[in-house]
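Residue numbers run from 1 in the order of the sequence given.
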Amino acid sequence: MKAIAEALLLYGRDLSTKTAKPGIVVTFTPDNAANRFVLEDPNAFLFAVIFDQGIQAERAWAAPYLLSERLGHFDMTRIAAMSVGQLSKIVSAPPALHRYVRNIPAWLIAAAQRLLAEYSGSAANIWNDSPTATDLISRLDAFKGIGQKKAAMATQILMRDMGVTIRRPAGTQVAYDAHIRRVFLRTGLVARDDPDAIVAIARGLSPEDPGAMDLPAWYVGRDWCHPTSPECSKCRLGDVCPKLVHLGANTAY
């Protein structure tokens with residue numbers, strides 16, 4: 001297990017996009033305008049986290065910008081006042097911004113309402129008080145449509161890529177994501193597909209920052225450790241992985 005963890009953490013350091021590295025810009029989506037939107041508007045970042053479910057990540061992170069284009073604004077007060085039916089029509093208009101054309105609009109409206117009620121209309125107020133990792137995950141988890149998986153992911157992105165100050169990163173977590181689940185199973189890090197087991201083993205192997213195992217495991221799962229026909233010969237974990245490829249085939253999303 002230690003060798004797997006070290007290989008994952010080394011790969012994570014290679015993938016790191018900390019702003020301290022000159023010339024590095026965080027890329028969530030290849031659409032430059034959409035990418036800039038989620039980098040510059042905290043509410044767009046939060047909406048992207050909500051969109052990031054059941055579709056390609058690049059498509060999800062472009063969605064807030066495309067939604068703003070369709071709405072003609074990105075005003076939380078106006079979005080909060082919309083009906084689910086109204087926003088569903090906008091989200092589902094071809095090409096649909098998401099496959100979940102009822103759930104996503106409902107979650108976005110609820111998010112806008114929570115931002116106005118608890119955070120003065122700005123998602124920046126969720127994280128601008130230097131929260132602990134545990135507190136930030138809890139705050140994000142409180143938004144409908146986010147949950148542990150996306151709250152853990154967003155916390156890592158904010159800390160690693162966006163320069164947000166987060167105290168006690170030992171409270172970070174790996175997300176219970178399909179790619180991560182598959183990698184943890186096939187490398188033998190866990191014996192069962194269980195969120196508590198996955199979070200616990202990451203905490204044990206990387207106690208100072210358990211969430212540091214999240215990004216490299218996600219990339220390994222997306223790029224090489226596919227549900228079927230995994231590309232073990234190309235994988236960064238190839239030399240240390242036991243290649244338990246019969247596990248995790250049902251974790252496509």
Residues that Ala123 engages under side-chain contact (heavy atoms from CB on, under 4.5 Å), provided they are two or more places apart: Pro42, Asn43, Leu46, Leu115, Ile126, Trp127
Please assess Gln86 against Ser83 for the test side chain to side chain contact (heavy atoms under 4.5 Å, CB included), listing each intermediate value before the final yes or no. CA-CA 5 Å; Gln86 288 174 321; Ser83 70; 3.1 Å; yes
For Asp214, check side-chain hydrogen bond (donor to acceptor under 3.5 Å, both in side chains) against everything at least two apart and list the hits. none
Salt bridge check, Arg139 against Asp129: does any charged N sit closer than 4.0 Å to a carboxylate O? yes
Of all heavy-atom pairs between Gly12 and Pro216, which one has the smallest distance, and what is that distance? N-CB, 3.7 Å
Starting from the C-alpha separation in whole Å, work towards a yes-or-no answer on salt bridge (Lys or Arg N to Asp or Glu O under 4.0 Å) for Glu6 and Arg13. CA-CA 11 Å; Glu6 288 176 348; Arg13 288 192 289 273; over 6 Å; no
Minimum side-chain heavy-atom gap Thr187-Val240 below 4.5 Å: no
Within the structure provided, determine whether Ile79 and Met76 are in side-chain contact (heavy-atom separation under 4.5 Å). yes
Ala62 versus Ala34, closest heavy-atom pair with distance: CA-CB, 3.8 Å
Quick one: are Asp141 and Lys150 in side-chain contact, heavy atoms under 4.5 Å? no
Show every donor-acceptor pair shorter than 3.5 Å between a side-chain atom in residues 164-172 and any protein atom, with sequence neighbours excluded, or say none if there are none.
residue: Arg167; atom: NE; partner: Ser130; partner atom: O; Å: 2.6
residue: Arg167; atom: NH2; partner: Ser130; partner atom: O; Å: 3.3
residue: Thr172; atom: OG1; partner: Pro169; partner atom: O; Å: 2.8
residue: Thr172; atom: OG1; partner: Asp209; partner atom: OD1; Å: 2.6
residue: Thr172; atom: OG1; partner: Gly211; partner atom: N; Å: 2.8

Report whether Ile146 and Ile137 are members of the same hydrophobic cluster (ILVMFWY, side-chain heavy atoms less than 4.5 Å apart, transitive linking). no
Going by atom types alone, do Tyr176 and Asp193 pair a side-chain donor with an acceptor below 3.5 Å? yes
Within a strict 4.5 Å, meaning less than it, do heavy atoms of the Arg99 and Ile104 side chains meet? no
With sequence neighbours excluded, what pairs up with Phe184 under the ring pair (Phe, Tyr, Trp, His ring centres under 6.0 Å) test? none
Short side-chain to backbone donor-acceptor contact, Arg186 and Leu247, under 3.5 Å: yes
Can you measure from CH2 (Trp218) to SG (Cys225) and round to the nearest 0.5 angstrom? 14.0 Å
Taking it one step at a time, do Leu8 and Leu237 satisfy side chain to side chain contact (heavy atoms under 4.5 Å, CB included)? CA-CA 7 Å; Leu8 277 172; Leu237 307 182; 3.9 Å; yes
Minimum heavy-atom distance His179-Arg182, with the two atoms named: ND1-NH2, 2.8 Å
Which pairs, with at least one residue in residues 232-249 and sequence neighbours excluded, count as a side chain to side chain donor-acceptor pair (under 3.5 Å)? Asp14-Arg236, Glu231-Lys234
Applying side-chain contact (heavy atoms from CB on, under 4.5 Å), can you list everything that pairs with Ala5, at least two apart in sequence or on another chain? Leu205, Met213
Heavy-atom nearest pair, Arg70 first then Val91, reads NH1-O, 3.7 Å
Sidechain-backbone polar pair: Asn35 side chain, Thr29 backbone, donor-acceptor under 3.5 Å: yes
Results of ring pair (Phe, Tyr, Trp, His ring centres under 6.0 Å) for Trp61 - residues two or more places apart only: Phe28, Phe45
Supply the atom-to-atom distance Lys149 NZ to Asp177 CG, rounded to the nearest 0.5 angstrom. 4.5 Å
Does Leu67 form a side chain to side chain contact (heavy atoms under 4.5 Å, CB included) with Leu87? I'd like the steps, not just the answer. CA-CA 10 Å; Leu67 177 63; Leu87 192 53; 4.0 Å; yes
For Val101 and Lys89, what are the C-alpha separation, side-chain angles and deciding distance, and is it a side chain to side chain contact (heavy atoms under 4.5 Å, CB included)? CA-CA 8 Å; Val101 296; Lys89 287 182 181 179; over 6 Å; no
Is there a side-chain contact between Met1 and Ile201 (heavy atoms, below 4.5 Å)? yes
Residues pairing under side chain to side chain donor-acceptor pair (under 3.5 Å) where one sits in residues 102-116, two or more places apart or in two chains, turn out to be Arg114-Glu118
Same apolar cluster: Leu10 and Leu215, side chain cutoff 4.5 Å: no
Quick one: pull up CD1 in Ile180 and CG in Leu189 and give me the separation to the nearest 0.5 Å. 11.5 Å
Val174 backbone acceptor or donor facing Gln148 side chain under 3.5 Å: yes
So, does Ser88 use its side chain to make a donor-acceptor pair with the main chain of Val84 at under 3.5 Å? yes
Sub-3.5 Å donor-acceptor pair from the side chain of Gln156 to the main-chain atoms of Met153, do we have one? no
Could you measure the distance from the CG atom of Asp52 to the CZ atom of Phe47? Nearest 0.5 Å is fine. 15.0 Å
Please list, chain by chain and in numerical order, all residues satisfying side-chain contact (heavy atoms from CB on, under 4.5 Å) with Asn125, sequence neighbours excluded. Tyr119, Ser120, Ser122, Asn128
Heavy-atom pair with the smallest gap, counting every atom of Phe74 and Ala44: CE2-N, 3.5 Å
Among pairs that include at least one residue of residues 76-85, which meet salt bridge (Lys or Arg N to Asp or Glu O under 4.0 Å), considering only residues two or more places apart or in two chains? none
Using 0.5 Å steps for rounding, measure from the CD1 atom of Ile198 to the CZ atom of Arg203. 13.0 Å
For the atom pair OG1 (Thr132) and CG (Asp135), what is the distance rounded to the nearest 0.5 Å? 3.0 Å
Report the residues that fulfil ring pair (Phe, Tyr, Trp, His ring centres under 6.0 Å) with Tyr11, sequence neighbours left out, ordered by chain and then residue number. Trp224
Using the ring pair (Phe, Tyr, Trp, His ring centres under 6.0 Å) criterion, which residues pair with Tyr65? Sequence neighbours excluded. Phe37
With the side chain counted from C-beta on, respond yes when Cys241 and Val220 share a heavy-atom pair under 4.5 Å apart, and no when they do not. no
Are any side-chain N or O atoms of His98 and backbone N or O atoms of Gln53, one a donor and one an acceptor, separated by less than 3.5 Å? yes
Determine the minimum heavy-atom distance between Ala197 and Val190, stating which atoms define it. O-CG1, 3.7 Å
